[in-house]
Amino acid sequence: PLAADGAYQNRNANFSSVDGQKWGEGSVKINLDTNKIGLFLYSAYGSLNTANVQSGVNDHTFSPLNVNTPKTLTLVNDRVVDRQYFPGSVVDKLTIATKDGISEAAMDIKGNFPSTTTSGTATTASGTLLTFVDAHVAFGASIAAASAATNLKPSESEFSISNNATVHH
């Protein structure tokens, strides 16, 4: 019997030879950094209100935005030989965990199929890492009431937001 390899145009069924997944998805885990987490929080929640507290200091409040159009990101994966761009990416699930070490954020991301370009020079924006010592929790019926409430020191905390995102291609 002869194999029906002609349907794939080659024996190994390489990229573009069969119809398959047309989006990108994966997970990102970072140390909780004040310079990086805001973009992920904005994509996860959808709404941002910024108030100037004093010169050079801003207070950012992220709130759920109840619409079907999420805030998107373009993620860049620099593989040294090239860069992958994942446009139209959204945070499907965001988890922030604080334990006895440095706080961490984990994001499940979904987006469009990546495109590639040549690699460039990687830059790192340094921020302030948040640790267990920095953690406190306050409760209230509103943001103003929670801000005025007594801070509680948790021994361990974790919270998640899940958006149940679906990629349409």
Side-chain angles (χ1 to χ4, degrees), residues 7-51 58-132 134-135 137 143 146 154 156-169:
Y8 295 105
Q9 299 178 357
N10 69 35
R11 182 176 293 274
N12 296 324
N14 291 330
F15 176 79
S16 295
S17 61
V18 293
D19 193 24
Q21 182 173 329
K22 295 183 179 176
W23 67 91
E25 62 181 291
S27 298
V28 176
K29 189 173 191 178
I30 62 171
N31 291 331
L32 193 58
D33 181 320
T34 57
N35 282 355
K36 297 179 183 77
I37 193 61
L39 296 171
F40 294 107
L41 286 169
Y42 187 47
S43 179
Y45 282 100
S47 177
L48 168 63
N49 184 25
T50 301
N58 292 320
D59 187 10
H60 305 289
T61 303
F62 299 91
S63 305
L65 187 62
N66 195 17
V67 297
N68 287 330
T69 309
K71 301 299 180 187
T72 61
L73 310 162
T74 296
L75 297 177
V76 179
N77 179 26
D78 194 332
R79 301 186 297 183
V80 181
V81 295
D82 65 4
R83 281 187 177 172
Q84 288 181 308
Y85 290 95
F86 292 85
S89 297
V90 296
V91 175
D92 186 32
K93 183 177 181 182
L94 170 74
T95 301
I96 294 178
T98 300
K99 296 181 180 160
D100 54 352
I102 293 178
S103 300
E104 295 179 330
M107 288 75 59
D108 291 342
I109 308 284
K110 291 184 179 177
N112 293 326
F113 201 70
S115 60
T116 58
T117 185
T118 58
S119 185
T121 304
T123 58
T124 302
S126 296
T128 302
L129 295 178
L130 301 179
T131 64
F132 176 75
D134 302 315
V137 178
I143 292 175
E156 185 175 305
S157 65
E158 179 175 310
F159 76 88
S160 295
I161 181 170
S162 185
N163 289 321
N164 299 318
T166 302
V167 178
H168 296 278
H169 51 86

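What you see is a predicted model, and the numbers here were worked out from it, not measured in a lab.
Taking CD1 of Ile37 as the start and CZ of Phe62 as the end, the distance is 8.5 Å to the nearest 0.5 Å. Note that CG of Leu32 and CD1 of Ile96 are 5.0 Å apart. Values are rounded to the nearest 0.5 Å. If you take CG on Leu48 and NE2 on His60, they are separated by 7.0 Å, rounding to the nearest 0.5 Å. To the nearest 0.5 Å, atoms CG (Leu75) and CD (Gln84) are separated by 11.0 Å. Note that the CG atom of Asp92 and the OG atom of Ser162 stand 5.5 Å from one another [nearest 0.5 Å].
Side-chain contact check for Val91 versus Ile109: some heavy-atom pair is nearer than 4.5 Å. Within the 4.5 Å cutoff, no side-chain heavy atoms of Lys93 are placed close to those of Met107. In this structure, Glu104 and Asn31 have side chains that are in contact, with non-hydrogen atoms separated by less than 4.5 Å.
Here the shortest heavy-atom pairing between Ser160 and Thr95 reads OG-OG1, 2.7 Å. The heavy-atom pair separating Pro87 from Phe113 by the smallest distance is CD-O, 4.1 Å. The two residues Leu41 and Leu94 make their nearest non-hydrogen contact at CD2-CD2, 3.4 Å. Closest approach of Leu73 and Leu39 over heavy atoms only: CD2-O, 3.7 Å. The minimum heavy-atom distance between Thr74 and Gly88, with the atom names listed, is OG1-N, 4.3 Å.
With no hydrogens or angles considered, no side-chain donor-acceptor pair links Ser63 and Ser47 at under 3.5 Å. Asn49 and Thr61 form no side-chain donor-acceptor contact under 3.5 Å, judged by distance and modelled atom types alone.
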Practice task
Show your working on side chain to side chain contact (heavy atoms under 4.5 Å, CB included) between Asp82 and Thr117 and close with a plain yes or no.
Solution key: CA-CA 6 Å; Asp82 65 4; Thr117 185; over 6 Å; no

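Judged purely by atom type and a 3.5 angstrom limit, Ser43 has no side-chain atom pairing as donor or acceptor with the backbone of Phe40.
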